[in-house]
Structures are given as structure tokens and as C-alpha cells.
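Every number for a ligand or one of its atoms is a count from 1 in the order of the listing.
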Amino acid sequence: MKVNKLVVLLCLLFTAQLHAQTPTQRTINTFMSDRFGMFIHWGPVTLRGTEIGWSRDKEVPMEDYDSLYKEFNPALFNADAWVKTAKDAGMRYLTITARHHDGFCLWPTKYTAYNISNTPYKKDILKALQVACKKQGIKLCIYYSVLDWHHPDYPIHSAHNGKIDPHANMQRYVAFMKNQLKELIVNYDPFMLWFDGQWESPWTDSLGREIYTYVKSIKPGIITNNRLGKKFAAMENKAIDPAEMVGDYDTPERAVGRLNMTMPWESSFTICQQWAWKPNDHLQSLKTILAILSKTAGGNGNLLLNVGPMSDGRIEARQVKRLQEIGDWLKINGTAVYNTYGGPYEATANYATTRKGNKIYLHVLNTDTAALVLPALPGAKVVGAHTMTGQSVTVNTGSEGIQVSLPERLKGKLQYVVVLELDKDAMTLPVVKL
Ligand code: H79
């Protein structure tokens with residue numbers, strides 16, 4: 001009897017161990033269930049309205065660019081207002097460029113004078129955001145560029161001139177990075193770190209692994225994107241081997257990632273064209289952004305949608321309005337986005353699907369058509385269908401697949417979601433590649 005009990009106990013312990021998640025897995029699962037976050041690109045460059053990533057030494061001469069901080073005084077910056085804008089948009093985390101490729105630091109770092117405390121504004125932007133995020137229940141994430149063209153120890157000093165500086169010293173530069181990263185983690189307790197700019201020759205996968213191990217040693221539960229290593233989906237949305245990746249999730253840029261049930265990913269897009277604010281930049285339509293959001297969730301990924309606040313500290317009113325419209329859509333359709341999984345169908349121009357429990361959420365992107373025909377789901381039956389607002393929808397399963405008749409009243413309207421009720425758990429269905 002005693003031995004039996006011991007065996008049962010050991011079995012239970014063993015099973016618990018099998019299902020125990022590492023701190024990293026726990027964080028990544030929470031992160032991926034959030035689905036939607038706000039990217040913020042900001043710094044003194046907004047005084048010129050040119051791009052933060054590559055206008056230094058081009059549209060703005062290097063010396064001018066590097067002096068802009070002396071005029072940076074965002075008197076109307078209100079962290080609570082930014083965070084509220086994100087929250088009202090249905091976003092669940094916020095990722096801010098603490099230091100972009102131009103090297104300027106939005107926090108009063110001890111390790112370079114090129115930071116916010118030496119601007120006329122003086123106050124710590126990150127601290128204000130940390131406090132506001134905590135208050136409003138939004139996760140604070142920190143973007144930190146691997147490359148720093150402004151730093152004397154980083155060997156390249158311009159996006160437009162790749163000449164290697166013989167006086168630079170990568171060992172000292174990596175020590176500087178570690179000091180800053182420790183400062184960021186200890187002082188602002190970020191949920192996640194978003195690295196970028198690792199593609200230049202001075203950076204290696206091995207340095208990426210060193211930094212990854214280092215940040216995990218300070219905060220074991222922290223996660224990072226995969227731009228610590230050389231392999232990432234990037235603009236071309238390349239497929240990559242997870243074993244070769246440094247970091248916890250992949251980062252397609254200005255492209256929706258592929259449907260992938262095992263590799264976590266997050267696509268970054270901008271609400272306008274530039275990452276940093278630009279006067280009269282083209283604002284993307286609500287339709288375009290919602291389609292990106294649905295296709296992203298449908299691919300089992302996250303969307304990091306960027307806004308570039310102005311030099312006075314405010315987010316443009318027209319952008320705030322667009323974000324509010326997205327939030328309004330999510331108030332009705334959020335159940336089809338948050339805490340769901342992508343698939344089973346790969347997204348098309350006409351639809352995307354997400355799933356949870358016995359439901360497939362069919363995101364109708366093309367509302368002009370009378371019906372959508374989905375390939376058959378072998379082994380599963382659709383037993384009911386309705387819109388998110390409860391209007392019943394007719395579904396016919398025939399030889400050519402599952403035909404979903406779209407309600408006439410919604411023809412030509414903004415994208416919406418039809419819930420397909422199945423006779424089984426939708427997660428047991430294999431992915432349907434189209
Ligand atoms: O932070 C955002 C961008 O600033 C950053 N990644 C996102 C999240 C990024 N920096 N560089 N890139 C992305 C790659 C950009 C390459 C190009 Fe170009 C920009 C090709 C053409 C314009 C740089 C400038 C290379 C040639 C000219």
C-alpha cells in the first residue's frame with residue numbers, strides 16, 4: 001500500500017514536471033495570448049520629421065542630427081495619455097524605442113551623456129511610461145538597438161558609410177550594452193526586450209547569445225525577440241530554422257508572418273509610412289489595419305503597430321482616432337483575437353481564421369462577396385454559425401467545401417467575424433495550407 005502510494009506520488013510529480021513551464025515559456029505564452037501591442041518610435045529626430053532609422057548623415061547632416069537633443073523639449077508628453085491611447089485601441093503591451101540606431105537614450109542612463117537628462121526636457125520618459133503602464137495594466141516592453149552609430153566604440157558610424165573605425169572596440173561596446181541593459185531591466189522591469197540592428201558585420205550570433213544569457217541572468221522570466229542573432233524573417237518574411245535563432249520569437253517587418261503553430265512571431269507595421277513622426281505622413285486606412293490584425297492572429301502571431309509621436313510629446317489626433325476605431329472593432333470582435341490560436345486555414349485576401357475550443361472564428365475581410373467557400377475539414381462538422389453579434393449565418397457543407405453565406409445586410413461593410421461552431425475541439429484540426 002505504502003509503495004503504491006509512493007508510486008502514485010512519483011507519477012504525479014513526474015507528470016507535473018512534464019507540464020511545468022519554464023519562466024520563458026510562461027512569459028512567451030502570456031505574450032502571444034495578448035496578440036496586439038503598440039510600437040513607439042520617438043526621439044529628438046521628430047524635430048526634423050525625418051526617419052529615426054536612417055536620416056542621420058543623409059537628410060540631416062550628422063552634426064545637426066547629433067545636436068537635435070539640445071532642442072528636444074516635449075512639453076506636452078503625457079505618459080498616461082499614450083498608455084490610454086494604446087489601451088483604448090485594444091493593445092495589451094507597449095514597446096518603446098529606449099535607444100534606436102542613432103544612440104539617443106530616452107532614460108537618464110549613467111553610461112552616456114547622450115540622453116534625456118541633458119535635453120531641455122530633462123525628465124525620464126521611461127519612468128513615466130513604466131508608472132503609467134503599471135497603473136493601466138499594459139505591459140512595458142523596451143526596444144534597444146544592437147547597433148549604435150553614435151557610440152565611439154561601435155565600429156560603424158553611419159547607415160550610409162560602412163567604414164570600420166579602427167579606434168572602436170567591440171569588447172568595450174558590449175560591456176556598455178550590458179551596463180545599459182542591466183540599468184533598463186533593474187530600473188524599469190520590462191516584460192520583454194526588442195532588439196534590432198544586428199545585421200551589420202561587427203555583430204555575431206555568438207555576441208547575441210552572450211547578451212541573451214546576460215539579460216536572462218538578470219531577469220529569468222524576461223523574453224527577447226530574435227534580433228539578437230543574424231537569422232530573422234525580416235522584410236522578405238523568410239522562413240527560418242528555430243534552432244538557428246537567438247531569442248524567443250521571430251520578427252517579420254512590414255509583412256504578416258506565415259501561419260506557424262510552433263514558432264511564436266510578431267509582425268511590426270506602422271500606422272503611417274515612417275517609423276518616426278513625419279508631417280502629413282500617409283495614414284493607413286482602418287480597413288487595411290484591421291485586415292493586417294486579423295491575418296496576423298490568423299497566422300498565430302502578434303501585431304506590433306507603430307505610432308510616431310510628435311516632437312511636442314503628443315500622438316497626432318488623426319492617429320489617436322484611427323487607434324480608437326481599431327479599439328471599437330476589438331470591443332465587438334476581441335474574443336476572436338485575444339487568447340485564440342491561428343488557423344486552421346491559412347489566411348487569404350478574403351478571409352482569415354482563428355480558433356479556440358469548439359469554435360473557428362472566420363474573419364470576413366472581403367465583405368463584397370455573397371459567400372465564402374472554405375476547404376472541407378475532414379473529421380469535423382460545422383453544427384452552427386452566427387456573427388459575433390448573434391445574427392445567424394447559413395452554412396452548407398458540400399462536395400466543394402464549406403459554403404458560408406454572408407448576411408446581405410453586412411455587404412460592403414467593415415470586416416466582421418462569423419463564429420463557426422464545430423462538433424469537436426478546433427485545436428485538434430490540422431492546418432489547412434491553401
Ligand atoms: O525600428 C524600425 C526601423 O528603423 C528598423 N526596424 C524597424 C522596427 C530598421 N532599421 N533598418 N531597417 C529596419 C532596414 C532598413 C533598410 C532600408 Fe535603407 C531602409 C533600405 C532602404 C531604406 C538603409 C537606408 C539602407 C538603405 C538605405
Side-chain angles (χ1 to χ4, degrees), residues 36-46 48-62 65 68 91 93-106 125-126 141-151 154 156-163 177 184 190 192-203 208 223-238 240 246-257 265-278 281-282 284 289 292 296 301-309 319:
F36 190 29
M38 176 181 273
F39 214 174
I40 301 182
H41 279 67
W42 201 44
V45 68
T46 50
R48 288 288 179 276
T50 57
E51 189 56 289
I52 193 167
W54 46 82
S55 69
R56 181 174 173 273
D57 196 29
K58 197 161 188 183
E59 290 82 1
V60 185
M62 204 184 277
Y65 193 109
L68 287 172
M91 292 157 159
Y93 57 97
L94 180 155
T95 309
I96 172 88
T97 53
R99 194 197 67 169
H100 206 271
H101 309 336
D102 64 11
F104 180 78
C105 300
L106 285 175
I125 300 293
L126 287 198
C141 308
I142 292 182
Y143 171 108
Y144 183 86
S145 173
V146 164
L147 68 81
D148 181 342
W149 290 313
H150 181 270
H151 197 283
Y154 183 77
I156 295 173
H157 298 309
S158 164
H160 310 285
N161 175 0
K163 213 174 77 194
M177 281 180 75
L184 287 169
M192 177 266 282
L193 296 174
W194 215 104
F195 292 97
D196 199 10
Q198 82 295 26
W199 43 76
E200 291 192 330
S201 62
W203 196 252
I223 52 170
T224 82
N225 72 347
N226 67 348
R227 297 198 183 181
L228 275 174
K230 298 294 210 187
K231 305 265 167 31
F232 69 117
M235 276 57 91
E236 310 83 48
N237 196 14
K238 288 180 287 214
I240 63 161
V246 185
D248 302 304
Y249 65 90
D250 196 14
T251 48
E253 183 169 321
R254 295 185 193 267
V256 175
W265 57 265
E266 175 196 56
S267 280
S268 53
F269 277 87
T270 59
I271 197 166
C272 290
Q273 298 286 309
Q274 257 193 195
W275 293 100
W277 179 78
K278 172 180 163 179
D281 201 357
H282 171 74
Q284 304 220 53
I289 299 168
I292 291 170
T296 301
N302 280 14
L303 173 61
L304 187 59
L305 181 65
N306 179 72
V307 301
Q319 295 186 24

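- At under 3.5 Å, not a single nitrogen or oxygen of W54, backbone or side chain, sits near a nitrogen or oxygen of ligand 1.
- Using cut-offs of 30° and 60° on the angle between ring planes, the pair F232 and W199 is parallel.
- Shown in contact with F39 at under 4.0 Å from a heavy atom are these atoms of ligand 1, numbered in order with element: 8 (C).
- Nearest protein neighbour of atom 27 (C) of ligand 1, counting heavy atoms only, is H160 CE1, 4.4 Å.
- The protein does not reach atom 20 (C) of ligand 1 closely, with no heavy atom under 4.0 angstrom from it.
- Of the protein's heavy atoms, at least one falls inside 4.0 Å of atom 24 (C) of ligand 1.
- Per-atom contact check: atom 17 (C) of ligand 1 does not touch the protein, criterion being a heavy-atom distance below 4.0 Å.
- In this structure the side chain of Y65 never reaches within 4.5 angstrom of the side chain of D57, judged on heavy atoms.
- Taking the six-membered ring where tryptophan is involved, the planes of F39 and Y143 are tilted, since the angle between them lies from 30° to 60°.
- Ranking protein heavy atoms by distance to atom 2 (C) of ligand 1, first place goes to H41 NE2, 3.3 Å.
- Looking at H41 and T97, their side chains never bring a donor and an acceptor atom within 3.5 Å of each other.
- Between D250 and the choices N237, N225, I240, the side-chain contact (heavy atoms from CB on, under 4.5 Å) rule is met once, by I240.
- Inclusion of E253 in the set of residues having an N or O under 3.5 Å from an N or O of ligand 1 is warranted.
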Begin with the C-alpha distance, continue with both residues' side-chain angles, and end with the deciding distance and a verdict on side-chain contact (heavy atoms from CB on, under 4.5 Å) for W194 and Y144. CA-CA 6 Å; W194 215 104; Y144 183 86; over 6 Å; no

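- Against a heavy-atom cut-off of under 4.0 Å, Y143 is close to the following atoms of ligand 1: 1 (O).
- Considering both main-chain and side-chain atoms, H100 comes within under 3.5 Å of ligand 1 through a nitrogen or oxygen pair.
- Counting only heavy atoms of the protein, atom 14 (C) of ligand 1 lies nearest to M235 CE, 3.5 Å.
- W149 and E200 share a donor-acceptor pair across their side chains, judged by distance under 3.5 Å alone.
- Close approach of ligand 1 to H101 (heavy-atom distance below 4.0 Å) involves ligand atoms 5 (C), 9 (C), 10 (N), 11 (N).
- Of the options W199, W194, F269, the smallest heavy-atom separation from atom 9 (C) of ligand 1 is shown by W199.
- The NE2 atom of H160 sits 15.0 Å away from the NE2 atom of H157 when rounded to the nearest 0.5 Å.
- Between D196 and ligand 1, a contact under 3.5 Å exists for at least one N or O pair.
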Would H100 and W275 count as a side-chain contact (heavy atoms from CB on, under 4.5 Å) if you check the C-alpha gap in whole Å, the side-chain angles of each, and the deciding distance to 0.1 Å? CA-CA 11 Å; H100 206 271; W275 293 100; 5.9 Å; no

